Visitor: 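Please read through the structure below; I'll follow up with questions.
Predicted model only: the values in this text are computed from it and were never measured. Here is how names work: the chains are called A, B, and so on, in the same order as the sequence lines, proteins then strands, and each is numbered from 1.
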Protein chains: 2
Amino acid sequence: MNDNKSSENRLKQMVERLKESEHRITPQRYAVLRVLCRSREHPSAETIFNLLAPEYPTMSLATVYKTLNLLKKRGEVLELEFSELGNRYDGNKPYPHPHVICTGCGTIIDPSMLDLEEITSKMMAETGFRITSHRLDFYGICPACQEK
Amino acid sequence: MNDNKSSENRLKQMVERLKESEHRITPQRYAVLRVLCRSREHPSAETIFNLLAPEYPTMSLATVYKTLNLLKKRGEVLELEFSELGNRYDGNKPYPHPHVICTGCGTIIDPSMLDLEEITSKMMAETGFRITSHRLDFYGICPACQEK
DNA sequence: TTTCGTGCAAAAGCTTTGCATTAGC
DNA sequence: GCTAATGCAAAGCTTTTGCACGAAA
């Protein structure tokens with residue numbers, strides 16, 4: 001879980017922005033936002049659903065997906081695409097950043113930010129692309145898995 | 001398509017390595033290897049299948065997937081995981097390297113190599129992970145799509 | 001001749017969609 | 001009260017699997 005202050009601020013920000021764009025804050029939707037803001041594990045849709053199911057018996061996976069897609073469309077969540085691991089979501093830092101992923105247990109953590117500006121400029125010059133986003137993943141074995 | 005010399009060398013290398021590990025070179029398998037070596041478009045499984053279907057009427061998608069998984073297991077092909085775009089494969093450079101991806105048309109190109117050694121070292125020191133691989137993707141709009 | 005590979009069809013995951021019901025605002 | 005959101009079930013995709021047949025070495 002996240003430290004309380006920053007995750008609560010992020011939650012308020014998400015709610016505020018949704019309200020501004022005429023979106024309703026339902027209990028289910030609020031619950032999904034809460035999980036996204038309070039977790040740092042880059043949860044999958046199913047993880048979010050499983051966390052909420054006990055407290056919200058009528059919650060459905062479809063609602064989780066619909067909420068994630070809404071947030072994705074509005075740039076409020078970053079989707080990490082994996083076919084094996086399943087897609088994972090980051091609501092705290094909804095902008096491209098590096099990740100370190102354990103190929104043993106699927107843990108995903110955020111290392112401190114790297115400066116990718118220079119690399120991006122070189123890319124644009126070389127390829128002629130208008131670069132809008134990026135993804136940098138490091139794969140390896142996490143400390144916990146190394147001890148197994 | 002690739003330049004003939006290097007793609008034919010890569011093809012021979014793939015065949016040689018499969019033979020060394022007691023794998024049979026069937027016409028279907030050879031055809032998949034050939035497409036992987038001759039294309040630089042990072043094709044999907046279905047793209048490979050569609051390219052070969054006319055020439056090999058009995059070819060099946062299952063065989064393409066089985067061949068790709070065999071090559072992946074042996075480190076002869078790099079799999080790029082996308083949920084929206086579908087997984088894409090690179091048989092020419094089966095080691096982690098940067099990609100530039102057009103979010104308009106799905107084109108994937110390889111920019112010239114960047115030095116990621118230093119970044120990787122920093123990652124390991126900071127996270128305690130034993131880093132084994134990485135993925136660096138830049139997303140943007142390719143020159144062709146910019147003119148549309 | 002003995003495996004191994006192929007290819008069909010079915011299954012398995014994950015994600016999306018249609019639609020009637022429910023509930024924000 | 002109007003309209004958007006929910007949630008069930010069904011459908012859609014991509015990828016994998018089981019198994020009988022066919023072919024490589």
Visitor: Ring of Phe82(B), cation from Arg135(A) - is the NZ or CZ under 6.0 Å from the centre and inside 45° of the axis?
Guide: no
Visitor: Take atom CG of Leu33(B) and atom C1' of dT6(C), then tell me their distance rounded to the nearest Å.
Guide: 15 Å
Visitor: At under 4.0 Å between heavy atoms, which parts of nucleotides 20-25 of chain D does protein reach? Answer with one letter per nucleotide, 5' to 3': B base, S sugar-phosphate only, - none.
Guide: ---BBS
Visitor: In whole Å, what is the span from the CG atom of Leu71(B) to the C1' atom of dT15(D)?
Guide: 16 Å
Visitor: Which listed nucleotide (dG7(C), dG7(D), dT15(C)) is nearest to the side chain of Ala45(A)?
Guide: dT15(C)
Visitor: Please report, rounded to the nearest Å, how far the P atom of dT6(D) is from the CG atom of Leu68(A).
Guide: 12 Å
Visitor: Quick one: salt bridge (Lys or Arg N to Asp or Glu O under 4.0 Å) partners of Arg88(A), sequence neighbours excluded?
Guide: none
Visitor: Could you give the CD-to-C1' distance, from Glu84(A) to dT14(D), as a whole number of Å?
Guide: 13 Å
Visitor: Specify whether His99(B) and His42(B) have parallel, tilted or perpendicular ring planes, treating 30° as the upper limit for parallel and 60° as the lower limit for perpendicular.
Guide: perpendicular
Visitor: When you look at CD of Glu118(B), are more than 12 heavy atoms from neighbouring residues, nucleotides or ligands closer to it than 6.0 Å?
Guide: no
Visitor: Rounded to whole Å, how long is the line connecting atom CD1 of Ile48(B) with atom P of dT15(D)?
Guide: 11 Å
Visitor: Among dA9(D), dG7(C), dT15(C), which nucleotide has an atom closest to any side-chain atom of Ala62(A)?
Guide: dA9(D)
Visitor: Counting just side-chain N and O atoms, does Gln28(A) come under 4.0 Å of either OP1 or OP2 of dG7(D)?
Guide: yes
Visitor: Looking at Arg10(A) and Glu76(A), does any basic side-chain N land under 4.0 Å from a carboxylate oxygen?
Guide: yes
Visitor: Could you tell me whether the phosphate oxygens of dT15(C), OP1 or OP2, come under 4.0 Å of any side-chain nitrogen or oxygen in Asn87(A)?
Guide: yes
Visitor: Verify the contact: side-chain N or O of Asn69(A) to OP1 or OP2 of dT15(C), cut-off strictly under 4.0 Å; return yes or no.
Guide: no
Visitor: Between dG7(C), dG5(C), dG7(D), which nucleotide gets closest to the side-chain atoms of Ser60(B)?
Guide: dG7(C)
Visitor: Within this structure, what is the CD-to-P distance between Glu22(A) and dA4(D), rounded to whole angstrom?
Guide: 10 Å
Visitor: To the nearest 0.5 Å, how far apart are CG in Leu78(A) and NZ in Lys93(A)?
Guide: 10.0 Å
Visitor: Atom CZ of Phe49(B) and atom P of dC13(D): how far apart are they, to the nearest Å?
Guide: 16 Å
Visitor: By nearest nucleotide on DNA chain D, pick out whichever of Arg29(A) and Gly86(B) is the more 5' one.
Guide: Arg29(A)
Visitor: Side chain of Met59(A) only, heavy atoms from C-beta on: which candidate in dT17(D), dC14(C), dG7(D) is closest?
Guide: dG7(D)
Visitor: Base, sugar-phosphate or nothing for Thr63(B)? Non-hydrogen atoms, less than 4.0 Å.
Guide: base
Visitor: About how many Å separate CG of Leu85(A) and SG of Cys102(A), when rounded to the nearest 0.5 Å?
Guide: 10.0 Å
Visitor: Rounded to the nearest Å, what distance is computed from the OH atom of residue Tyr65(A) to the C1' atom of nucleotide dC13(D)?
Guide: 13 Å
